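Have a look at the structure below, then the notes.
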Amino acid sequence: MKLLLKAGRVIDPSQNIDALMDIAIQDAKIVQIGPNLSEGQTNGRKGPSSKTKTIDLTGRVVVPGLIDMHTHLREPGFEYKETIETGSLAAAAGGFTSIACMPNTQPVNDNRSITEFIKRKAALAGRVHVYPIAAITIESAGRSLTDFRDLQDAGAIGFSDDGKSVLNSALMRRALEYASSIDMPVICHCEDPQLSAGGSMNEGFVSTELGLAPIPAMAEDVMTARDIIIAEYTRTAVHIAHVSTAGSVEFIRSAKKRGVKVTAETAPHYFTLTDDSLRDFNTFYKVNPPLRTKEDLEAVKEGLRDGTVDVIASDHAPHAVTDKDVEFEFAASGMIGLETSLALSLKLVDDGILTLPQLIQKMSFNPAKILKIPKGTLQVGVDADVTVIDREKIWTVDCHQFRSRSRNSPFHGRRMKGKAVMTIMGGEITYDESQNNA
Ligand code: DOR
Ligand code: ZN
């Protein structure tokens, strides 16, 4: 099929484009981008226009398909929380054309059969490109490295023991060295489990008031610092996941200044919510790392603004009612985010923290660069992955409408501004708000 996307505001940070333009798509690729394309030009030549579907995108923003580099699909093992199919549908509805999924499934994605299984299931679902992230260590137990080369060959695009740090620093050193030798990213969950042991929320004034066991910010900071030190010493790259503290932001900022190859992501909840939200003991606000203080939130925003934090990722973490509807200390950590991530992030633009092109860069080009995948751009010749955004659309989050199998969003009922209204993956429309069920 041919598609002609007409008259949208095209923003493509990879090519420094921010202009009213048309995009022509044919055979799943972008074949032309420029002002005033006509139907006959969808293949770059004169030709029959009958099979071209023209979509008028006047007033819409058209960007490279969004990439979420930190998602939890729960398959295999926890299909009651999410499957690859339901997670894919949620991703498309949220405007994503590519997602990278973390290995903390059951069994853990520490071998090629799991990686291949995920890829096969994702292809069957056919809604979003799914890039498996394999475990750094077998069973993410922190004892011995997985077979990086074999996992790369099977289709894994990076390594992480997300949910925990690799505590053995010598092993972490080997992981960074081995991964860099095969040009693969390592994504670090930074947490010293002895400092965070038994904790349910950020350590501070609110935890004292509520009497909930605390997790100090330094539980994150010490591991961020350690991983930077190892990367600096070995001259390898390291990516810090879900940055939530002012301390982490500062360690990353100063390391970048010294030329360390460190990149970082944060999630929308860390620049939207603070530990104050926990006052009603709603377990939907329980995440790991925990929601921090206003000072941390401001530091994360400043990190996004000044480029210290490269990426916004959802850390979509689906959990069932039975995981969440229990006493706070026993509740699972995590909130779903695929279907709210974009709107929460657009608020940064409304608040003057980021320009719209900067935001799009953090949700497309930057994650593609870190994961080394040929995505995040609207260059002629690439797969036609495109997200169409209505910047003005006011909507109210209704978790019952979510495609995700889980409902654990603390944003249910919140009014949002801005939404992905069409998602196109490889030239196919995978989500269309006007149909609401494409
Ligand atoms: O809140 C979290 N949930 N943090 C993690 O690191 C893991 C995740 C999950 O898998 O539920
Ligand atoms: Zn995670």
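As the structure lists them, so they are numbered: ligands from 1, and atoms in each ligand from 1. We use all heavy atoms of the structure for the numbers below, so side chains are in, but hydrogens, waters and symmetry mates are not. This chain uses plain numbering: 1 for the first residue, then up along the sequence. Quick caveat, the model's predicted, so the values are computed rather than measured.
- Contact residues of ligand 1 (protein heavy atom closer than 4.0 angstrom to a ligand atom; sorted by chain and number): His72, Arg74, Asn104, Asp162, Gly163, His189, His242, Val287, Asn288, Ala317, His319, Ser333, Gly334.
- Interatomic distance, CD of Glu265 versus CD1 of Ile370, reported as 8.0 Å (0.5 Å rounding).
- The aromatic rings of His70 and His242 sit tilted, their planes meeting at an angle between 30° and 60°.
- The backbone N or O of Thr137 lies less than 3.5 Å from no partner atom in the side chain of Glu139, so there is not a single donor-acceptor pair.
- The two residues Thr430 and Arg127 have their closest heavy-atom pair at O-NH1, 2.9 Å.
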**Prompt:** Would His239 and Thr263 satisfy side-chain hydrogen bond (donor to acceptor under 3.5 Å, both in side chains), going step by step from the backbone distance to the final call?
**Reply:** CA-CA 5 Å; His239 179 79; Thr263 52; 2.8 Å; yes
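- Atoms of the protein (N, O or S only) found under 2.8 Å from the Zn ion (ligand 2) are His70 NE2, His72 NE2, Asp162 OD2, Asp315 OD1.
- We find the CG-CZ distance between Leu145 and Arg174 to be 9.5 Å, quoted to the nearest 0.5 Å.
- Contact check on Asp383 versus Lys29 returns a salt bridge, with a Lys/Arg side-chain nitrogen under 4.0 Å from an Asp/Glu carboxylate oxygen.
- Relative ring orientation between Phe328 and Phe281 is described as perpendicular, the plane-to-plane angle rising above 60° on a 0-90° scale split at 30° and 60°.
- Using the six-membered ring where Trp is involved, Phe78 and Tyr80 have ring planes that are perpendicular, over 60° apart on the 30 and 60° scheme.
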